[in-house]
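Please find one structure pasted underneath; my questions will follow.
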Amino acid sequence: MIPDGQPGHIDQIKQTNVGAVYRLIDQFGPISRIELSKKAQLAPASITKIVRELLQAHLVLETEFQDPGSRGRPAIGLALDTQAWHYLSARISLGSITLGLRDLSSKLVVEEVLPLPEQAPQPLLKRIISEIDQFFIRHQRKLERLTAIAITLPGMIDARRGIVHRMPFYHDVFDMPLGDTLCAHTGLPVYVQHDIGAWTLAESLYGASRGCKNVVQVVIDHNVGVGVITSGRVLHAGSSSVAEIGHTQVDPYGKRCYCGNHGCLETVASTDSILELVRQRLTVPVPASLLHGVSLTIEAVCDAANRGDQLARDVIISVGQSVGRILAIMVNLFNPEKVLIGSPLNLSQDILHPAIMSCIQQQSLPAYSENIKLESTQFYNQGTMPGAALVKDALYSGSLIIKLLQG
């Protein structure tokens, strides 16, 4: 099976076909060779050759299964062999790094959340490598065949080259060669992706947008951004990786952003900015608020809003309107079936979502917005599921399968 426009190079054909076969076994296994040939649109001889290689590499296995409607002897089908194949999935966020060892079924073996302070004597890259090395040492008894490393993080990232140009919070980062350095250090394939792009992919593979071909997923957290799925693929998956709405200027006289601009959406709608705004409003004479005298967190703001606190409701509605105006443009551009919201503000989704949806319906084409669904993401951007999605995608594309077959 060769996608339209795919280069006719023999190596690329092999990679595409082996990835398609692996994906179909994952999605439909146990599956017979005959059924696999039909679904992959490949000749039986090609299926036989690909399956033989996958069996020899212990990436798939044969198993008996009963065909629906059949009363005869069980058939021999193919299923994935994911045991003893491990990879490292990591996520870097504000002040911490999460490291997770998973097998090729995406099942979590062990996961740790470790401190990664914003300021330290050593550069961030050295600290990341050190934490990964120590993680492998601590869990060496659990390690089997280590296949890859996937890292997700915020910032300005060239995913194809594995370079992190800039990051929020970690201000010593400038054109950090994360992918090449880790690859040289470990000898493993390394996948680097913006955390929003990877999260969008995870929702597509496992979560709330599974089966959808066109999706816009907005994230409102420490940073603000959008992941886009168009025609079943993540937009910019191999390069810039995310639509940077967080760095769209909404107030030319606003707060300076880490990107160097002023008044970016991220300076208005990020969770840190929300809490800063609430603190400012609590210092001036306002009607009684449930937020006076409490430890100020996003959870506290959402709880107060849900209980009718006007200050909290106004802040969340304002965020929804700011995000919604940008999303209306995204809807006009991509005509998505579904808009997903990934945010701790989903604790007040009955307030946030209508504010966003109102802007989309008012400011985008009716033909695009009238049937659109707006939902919360299934996952929250914590842990290492977004990194797991990068590895799964590399398996499905065949790129990682080829590396594993080559040993």
Side-chain angles (χ1 to χ4, degrees), residues 1-3 6-7 9-65 74-90 100-110 136 139-151 179 182-191 201 205-206 384 387-407:
M1 181 175 64
I2 306 173
Q6 190 72 34
H9 190 276
I10 187 66
D11 292 337
Q12 183 62 58
I13 294 171
K14 180 178 180 180
Q15 175 181 308
T16 301
N17 288 343
V18 76
V21 168
Y22 187 91
R23 174 178 56 81
L24 290 169
I25 294 173
D26 189 13
Q27 293 175 342
F28 298 102
I31 182 173
S32 69
R33 286 168 172 80
I34 294 174
E35 188 64 22
L36 187 59
S37 176
K38 293 177 182 177
K39 289 185 179 295
Q41 300 177 25
L42 289 171
S46 297
I47 291 293
T48 298
K49 182 179 180 181
I50 292 171
V51 167
R52 184 190 303 121
E53 288 187 272
L54 294 174
L55 285 168
Q56 289 173 348
H58 301 286
L59 287 165
V60 303
L61 52 80
E62 292 182 317
T63 184
E64 291 186 344
F65 75 105
I76 299 298
L78 299 164
L80 296 190
D81 186 355
T82 59
Q83 292 188 353
W85 289 100
H86 290 151
Y87 61 88
L88 178 71
S89 179
L101 186 67
R102 293 177 178 268
D103 67 22
L104 288 189
S105 71
S106 302
K107 179 182 177 182
L108 187 64
V109 177
V110 61
F136 285 151
H139 301 292
Q140 57 186 321
R141 292 186 178 181
K142 296 183 175 72
L143 284 172
E144 300 284 348
R145 287 168 288 191
L146 199 59
T147 60
I149 296 175
I151 298 186
L182 265 178
C183 180
H185 184 73
T186 63
L188 296 170
V190 178
Y191 303 96
L201 182 60
L205 290 172
Y206 313 107
T384 54
L390 298 183
V391 174
K392 180 72 78 175
D393 190 56
L395 290 167
Y396 283 1
S397 75
S399 61
L400 182 53
I401 296 287
I402 293 296
K403 289 184 173 67
L404 298 180
L405 291 177
Q406 293 171 345

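Only a predicted model underlies this, so the values are computations on that prediction, with no experimental measurement involved.
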**Item:** Residue pairs involving residues 398-407 (criterion salt bridge (charged side-chain N to carboxylate O under 4.0 Å, His left out); sequence neighbours excluded)
**Value:** none
**Prompt:** With sequence neighbours left out, what residues match Asp26 under salt bridge (charged side-chain N to carboxylate O under 4.0 Å, His left out)?
**Reply:** Lys392
**Asked** Between Leu104 and Leu404, which heavy-atom pair has the shortest distance, and what is it?
**Response** CD1-CD1, 4.4 Å
**Item:** Non-neighbouring partners of His185 that pass side chain to side chain contact (heavy atoms under 4.5 Å, CB included), sequence neighbours left out
**Value:** Ile129, Asp133
**Request:** Quick one: list whatever passes side-chain hydrogen bond (donor to acceptor under 3.5 Å, both in side chains) with Thr147, sequence neighbours left out.
**Result:** none
**Message:** Determine whether a donor-acceptor pair (N or O, by modelled atom type, separation under 3.5 Å) exists between the side chain of Thr384 and the backbone of Gly387.
**Reply:** no
**Steps toward side chain to side chain contact (heavy atoms under 4.5 Å, CB included) verdict (Lys142, Leu101)** = CA-CA 9 Å; Lys142 296 183 175 72; Leu101 186 67; 4.3 Å; yes
**Asked** Listed by chain and number, what are the side chain to side chain contact (heavy atoms under 4.5 Å, CB included) partners of Leu188, not counting sequence neighbours?
**Response** Leu146, Ile149, Thr186
**Message:** Once side-chain hydrogen bond (donor to acceptor under 3.5 Å, both in side chains) is applied, do any residues pair with Ser106, and if so which ones, sequence neighbours excluded?
**Reply:** Tyr206
**Asked** Who passes side-chain hydrogen bond (donor to acceptor under 3.5 Å, both in side chains) against His58, sequence neighbours left out?
**Response** none
**Request:** Could you pull out all residues at least two apart from Glu62 that satisfy side-chain hydrogen bond (donor to acceptor under 3.5 Å, both in side chains)?
**Result:** Arg33
**Message:** Around atom CG of Leu55, are there more than 12 heavy atoms from other residues, nucleotides or ligands closer than 6.0 Å?
**Reply:** yes
**Asked** Gln406: what forms a side chain to side chain contact (heavy atoms under 4.5 Å, CB included) with it, not counting sequence neighbours?
**Response** Ile402
**Message:** Taking side chain to side chain contact (heavy atoms under 4.5 Å, CB included) as the definition, give me every residue that meets it alongside Gln27, ordered by chain and number, with sequence neighbours left out.
**Reply:** Arg23, Leu24, Tyr396
**Asked** Distance from Ser32 atom OG to Lys38 atom NZ, nearest 0.5 Å?
**Response** 7.5 Å
